[in-house]
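Report on one structure; see the data block that follows.
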Amino acid sequence: MTALLGRLLSPDRLVPPSKRCGALPGAKSAVQTLMRIAWPSMLEMVLVTLVGMVDMMMVGGLGSYAISSVGLTTQPKLIFLTLFFAINVGCTSIIARRKGEGDRDGAGRCLRQTLMLSAGFSLLLTGVAILFAPQVMAAAGANRDTLGPSSTYFRIVMASLFFHAISLNISAAQRGCGQTRVAMKINLTANAVNIALNYLLIEGNLGFPRMGVAGAALATSIGTAAGCVVAVRSLFHRDGFLSLSARIRWRFDRKTLRSLWNLSSNALLEQIAMRTGFFLYAVMVANLGTEAFASYQITAQILSLSYTFGDGIGVAATSLVGQNLGARRPDLSVLYTKLAQRLGYAVSGLLILLFCTFRYPIVGMFTDDSALIGMTVPMILLAAVAIPMQNAQPITSGCLRGAGDTRFVAWTMLISIMLVRPLSCALFLYCFGWGLPGAWLSFILDQHVRVPILIHRLSGDRWLTIKI
């Protein structure tokens, strides 16, 4: 087994002699470098997902209407975060490249531009979200028993959008220079506060008021603010690569903004395509009924645990690809891209075994409704088919983003998520009448269209020559 792993992970086998620009690290050293950045991100993502699962379990005690109400806010929240995700893609790519070049001032200028943009846009979007919450939830598929609770939850959570946007921005910047532990601390703080307040406010424990769905939203908002405090504090270390203590003026810089726009505009197209596709998909699933949508939410929460591992590895790949291209070592970018892909597939196999073996007790943690459990368990088996591709997606797209190839990623997402997933879902639900299994089949189809396209792009050299 050790010999097999050595062959699979050997840098000499992964990077052809024609692409080498210097000495390659040994297999052990390369894997350690990748994991040093990846493990905090994987732990962070796993804990975030587990907290989301615990959140859903706590709310689930109120009934299936509560699970559906909270679930209905997911895609609208992500739509409002679209602009910030796009800005942060550019931020991570630029800072990773400046880190490789040793340009600390350039990284600092990029961070300040993105913080100013995030602050301004978040305040504007907060007002829109609070004012039009019922209309947004109705468009998301809320019905008579979920419109009120979902609107309340959405308003309270979106009131903390400023803190959320700043935290996301700083986390993205720190990941770009390889400081994934900072992002982990931010999310650990936010989620610890969230869980503690969930216990106190949802059911009204220890003398606190019983607020139900509103209590869950308030806990999330306060946790987000606490995480933001940790994020801002991370920028006041003078010896850090990113520091607000450095003497760089808080003003917009045309050159930095141009670089940021070149990357973030493509990422914005990607995010718009993703959020539109996911929104249409979620609305179609919500129209299957409250029970079916609750089942979908439980399955999605469980499956998201799988995605977190790929996402964490993808963060490390983004950082290492960008840094090594900045240091003029494209061969090392190729090496870490291939190592990340192999690690992702290995983790996928273990997760498939876990979910399939323990599907009944895992679903039972969310609800004691036997009908809902019976509806959900078969969906776990079906959705597990997509785990290898689901994990490969953030890794392959992360590698391309680290190289600045955001345009190709954007167009791939537009084709797969905005077209393949919703159109196939509509076909399976409304023409074939396959119900909830049809929705998950469209999810599987989307993943198996998207990932091969991204892998084909990585097999060429064009992504290695993009200037930032």
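Between the CG atom of D311 and the OG atom of S41 there is a distance of 8.0 Å, given to the nearest 0.5 Å. Distance check, rounded to the nearest 0.5 Å: CZ of R275 to CE of M413 gives 9.5 Å. Here M274 contributes atom CE and I79 contributes atom CD1; the two are 11.5 Å apart, rounded to the nearest 0.5 Å. In this structure, CE on M211 lies 5.5 Å from CD1 on I156, to the nearest 0.5 angstrom. Considering CD1 of I170 and CD of Q179, their distance stands at 14.0 Å, rounded to 0.5 Å. Interatomic distance, L288 CG to F293 CZ, rounded to the nearest 0.5 Å: 9.5 Å.
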* Are V182 and I186 close enough, and set up right, to give a side-chain contact (heavy atoms from CB on, under 4.5 Å), and what steps lead you there? -> CA-CA 6 Å; V182 174; I186 293 169; 4.1 Å; yes
- [ ] Take I453 and F408 through the test side-chain contact (heavy atoms from CB on, under 4.5 Å) and record every step on the way to the result.
- [x] CA-CA 10 Å; I453 295 174; F408 185 84; 3.7 Å; yes
Q.
Could you go through F80 and F154, starting from their C-alpha distance and side-chain angles, then the distance that decides it, and tell me whether this counts as ring-ring contact (aromatic ring centres under 6.0 Å, His included)?
A. CA-CA 11 Å; F80 274 83; F154 187 67; 5.7 Å; yes
Determine, stepwise, if the pair V409 / R457 fulfils side-chain contact (heavy atoms from CB on, under 4.5 Å).
CA-CA 9 Å; V409 176; R457 181 69 165 189; over 6 Å; no
Note to self: Go through it in stages, so that I can follow the logic: the residues are L117 and L257, the test is side-chain contact (heavy atoms from CB on, under 4.5 Å), and I'd like the CA-CA distance, side-chain angles, deciding distance and then a yes or no.
What the structure shows: CA-CA 10 Å; L117 291 171; L257 285 174; 4.2 Å; yes
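None of V377, L372, T299 except one satisfies the side-chain contact (heavy atoms from CB on, under 4.5 Å) rule with V363; the exception is V377.
In plain terms, the two heavy atoms of F443 and A386 that are nearest each other are CE2-CB, 3.5 Å. The two residues P422 and L280 make their nearest non-hydrogen contact at CB-CB, 4.2 Å. The two residues G108 and L242 make their nearest non-hydrogen contact at N-CD2, 4.5 Å. Of all heavy-atom pairs between R97 and G402, the closest is NH2-O, 4.3 Å. The two residues T376 and S295 have their closest heavy-atom pair at OG1-OG, 2.9 Å. Nearest heavy atom pair, residue Q271 against residue A86, reads CG-N, 4.1 Å.
Annotation: side chain of L400 is not in contact with side chain of T406 (no heavy-atom distance under 4.5 Å). Side-chain contact between P388 and I352 is present, with heavy atoms from C-beta onward closer than 4.5 Å. M35 has its side chain within reach of M42: a pair of non-hydrogen atoms, C-beta onward, lies under 4.5 Å apart. Contact of the T220 side chain with the Y153 side chain is registered, since non-hydrogen atoms from C-beta on lie closer than 4.5 Å. Considering only heavy atoms from C-beta on, N266 stays 4.5 Å or farther from W411 through its side chain. Residues L125 and L161 are in side-chain contact: their nearest non-hydrogen atoms beyond the backbone lie under 4.5 Å apart. Annotation: side chain of T126 is not in contact with side chain of M158 (no heavy-atom distance under 4.5 Å). For the pair I417 and F278, the minimum side-chain heavy-atom distance is below 4.5 Å.
No side-chain donor-acceptor contact under 3.5 Å links S319 to the backbone of A316. For the pair S171 (side chain) and L168 (backbone), a donor-acceptor distance under 3.5 Å is absent. Counting only distance, with no hydrogens or angles, the side chain of R98 and the backbone of G106 share no donor-acceptor pair below 3.5 Å. Checked by atom type and distance alone, the side chain of T396 never pairs as donor or acceptor with a backbone atom of L454 at under 3.5 Å. For T92 (side chain) and V89 (main-chain N/O), no donor-acceptor pair under 3.5 Å exists by modelled atom type. Distance alone, capped at 3.5 Å, places no donor-acceptor pair between the S264 side chain and the W261 backbone. Checked by atom type and distance alone, the side chain of Q113 never pairs as donor or acceptor with a backbone atom of T256 at under 3.5 Å. Proximity of a side-chain donor or acceptor of T82 to a complementary backbone N or O of L78 within less than 3.5 Å is detected. The main-chain N or O of N187 is found under 3.5 Å from a side-chain atom of N191 such that the two form a donor-acceptor pair. Looking only at distances, no side-chain donor or acceptor of S118 sits under 3.5 Å from a matching main-chain atom of L115.
Residue F252 places its CZ atom among more than 12 non-hydrogen atoms of other residues, nucleotides or ligands, all under 6.0 Å distant. More than 12 non-hydrogen atoms from other residues, nucleotides or ligands lie less than 6.0 angstrom from OH of Y307.
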Give the table of side-chain donor-acceptor pairs shorter than 3.5 Å for residues 423-438, with sequence neighbours excluded, one pair per line with atom names and distance.
{"residue": "S424", "atom": "OG", "partner": "V420", "partner atom": "O", "Å": "2.6"}
{"residue": "S424", "atom": "OG", "partner": "R421", "partner atom": "O", "Å": "3.0"}

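Residues T337 and Q341 have side chains that never bring a donor and an acceptor to within less than 3.5 angstrom of each other.
The pair R401-D405 does not count as a salt bridge, with every side-chain nitrogen at least 4.0 angstrom from each carboxylate oxygen.
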